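First comes the structure, then the notes that go with it.
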Amino acid sequence: MSDPDGFALDNEDEFLLNIDQTPLCPRCETRTKMVVRFSSSWKNGRAEEVPGLKEVVLCAACDHADPAAAELLALFTVDEGVTTSNMEMLGSLSAAWVESVRQRTVDEELLADEHERWLQGKL
Ligand SMILES: [Zn+2]
């Protein structure tokens with residue numbers, strides 16, 4: 001489960017995270033700690049499901065107020081940083097953070113649609 005650019009995690013809500021090559025924060029322009037890509041579909045004008053990919057960055061300066069991000073950021077501030085010993089922790093904290101990001105960025109319409117499908121027992 002590793003590749004030259006970082007590493008991939010497989011779980012039911014698949015996402016890819018990279019802590020080696022991170023972009024600058026679009027908000028404060030400092031180097032981010034982590035970049036995560038996850039699949040996120042949306043509906044086009046004809047109500048067709050369009051598979052998409054979202055990319056979010058974890059910024060120490062901007063995201064520390066978010067509880068899920070704060071826990072994750074704490075991992076990067078320990079002396080050793082992220083190592084094989086806390087990789088598992090990184091994975092589970094990342095999953096929680098990605099989930100909170102998903103919920104924050106999900107569009108209202110999609111949410112209503114998912115709720116509808118959930119009510120119909122399709123999710
Ligand atoms: Zn920032």
Side-chain angles (χ1 to χ4, degrees):
M1 61 177 246
S2 65
D3 67 69
D5 296 327
F7 58 94
L9 290 171
D10 291 312
N11 62 22
E12 50 178 356
D13 299 306
E14 201 167 288
F15 61 92
L16 269 172
L17 60 87
N18 192 329
I19 56 173
D20 299 319
Q21 294 159 317
T22 59
L24 293 179
C25 175
R27 292 159 291 182
C28 69
E29 297 186 342
T30 59
R31 182 67 57 188
T32 53
K33 297 293 184 190
M34 189 170 92
V35 56
V36 175
R37 292 178 188 89
F38 57 91
S39 59
S40 177
S41 58
W42 53 283
K43 278 214 166 68
N44 66 14
R46 284 173 296 180
E48 292 162 342
E49 199 85 11
V50 181
L53 204 62
K54 271 206 166 75
E55 185 175 283
V56 287
V57 293
L58 178 70
C59 173
C62 303
D63 293 322
H64 64 90
D66 174 0
E71 275 192 81
L72 200 48
L73 284 168
L75 270 192
F76 291 91
T77 58
V78 297
D79 290 344
E80 306 80 29
V82 176
T83 63
T84 46
S85 66
N86 56 16
M87 197 71 92
E88 206 172 307
M89 179 81 96
L90 178 74
S92 59
L93 287 178
S94 297
W97 178 63
V98 167
E99 193 48 44
S100 76
V101 171
R102 269 187 214 273
Q103 282 169 16
R104 195 171 65 213
T105 56
V106 75
D107 107 11
E108 293 284 308
E109 223 171 294
L110 186 64
L111 195 65
D113 178 65
E114 280 189 3
H115 184 64
E116 188 68 25
R117 283 192 292 156
W118 179 76
L119 287 177
Q120 292 167 8
K122 290 179 185 169
L123 279 184

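No experiment lies behind these values; they were computed from the predicted model shown. Side-chain atoms are counted along with the backbone in the values below, which use heavy atoms only and exclude waters and symmetry mates.
A distance of 10.0 Å separates CZ of F15 from CD of E99, quoted to the nearest 0.5 Å. Distance check: M87 CE to S92 OG gives 12.5 Å after rounding to the nearest 0.5 Å.
Nearest heavy atoms, C28 versus C62: SG-SG, 3.7 Å.
R31 places a side-chain N or O within 3.5 Å of a backbone atom of T22 that can act as its donor or acceptor partner.
Here the side chains of E14 and S39 are not in contact, with every heavy-atom distance at 4.5 Å or above. In this structure, F38 and L53 have side chains that are not in contact, with every pair of non-hydrogen atoms separated by 4.5 Å or more. When side chains are defined from C-beta on, L72 counts as touching L58, because their heavy atoms get closer than 4.5 Å. With a 4.5 Å cut-off on side-chain heavy atoms, R37 and L17 do not count as touching. Side chains of L119 and H115 form a contact here, defined as non-hydrogen atoms less than 4.5 Å apart.
Linking ILVMFWY side-chain heavy atoms closer than 4.5 Å, directly or via other members, places F76 and V57 in two distinct hydrophobic clusters. V35 is not connected to L24 by any chain of hydrophobic side-chain contacts under 4.5 Å among Ile, Leu, Val, Met, Phe, Trp and Tyr, and they are in different clusters. One hydrophobic cluster, built from ILVMFWY side chains closer than 4.5 Å, holds both L73 and M89.
Legend: residues meeting side chain to side chain contact (heavy atoms under 4.5 Å, CB included) with E48, ordered by chain and number and at least two apart, are N44, R46.
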| Residue pair S94, V36: steps toward the side chain to side chain contact (heavy atoms under 4.5 Å, CB included) verdict | CA-CA 9 Å; S94 297; V36 175; 5.5 Å; no
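In summary, of the residues considered (M34, R27, K33), a side chain to side chain contact (heavy atoms under 4.5 Å, CB included) with D63 occurs for R27 alone.
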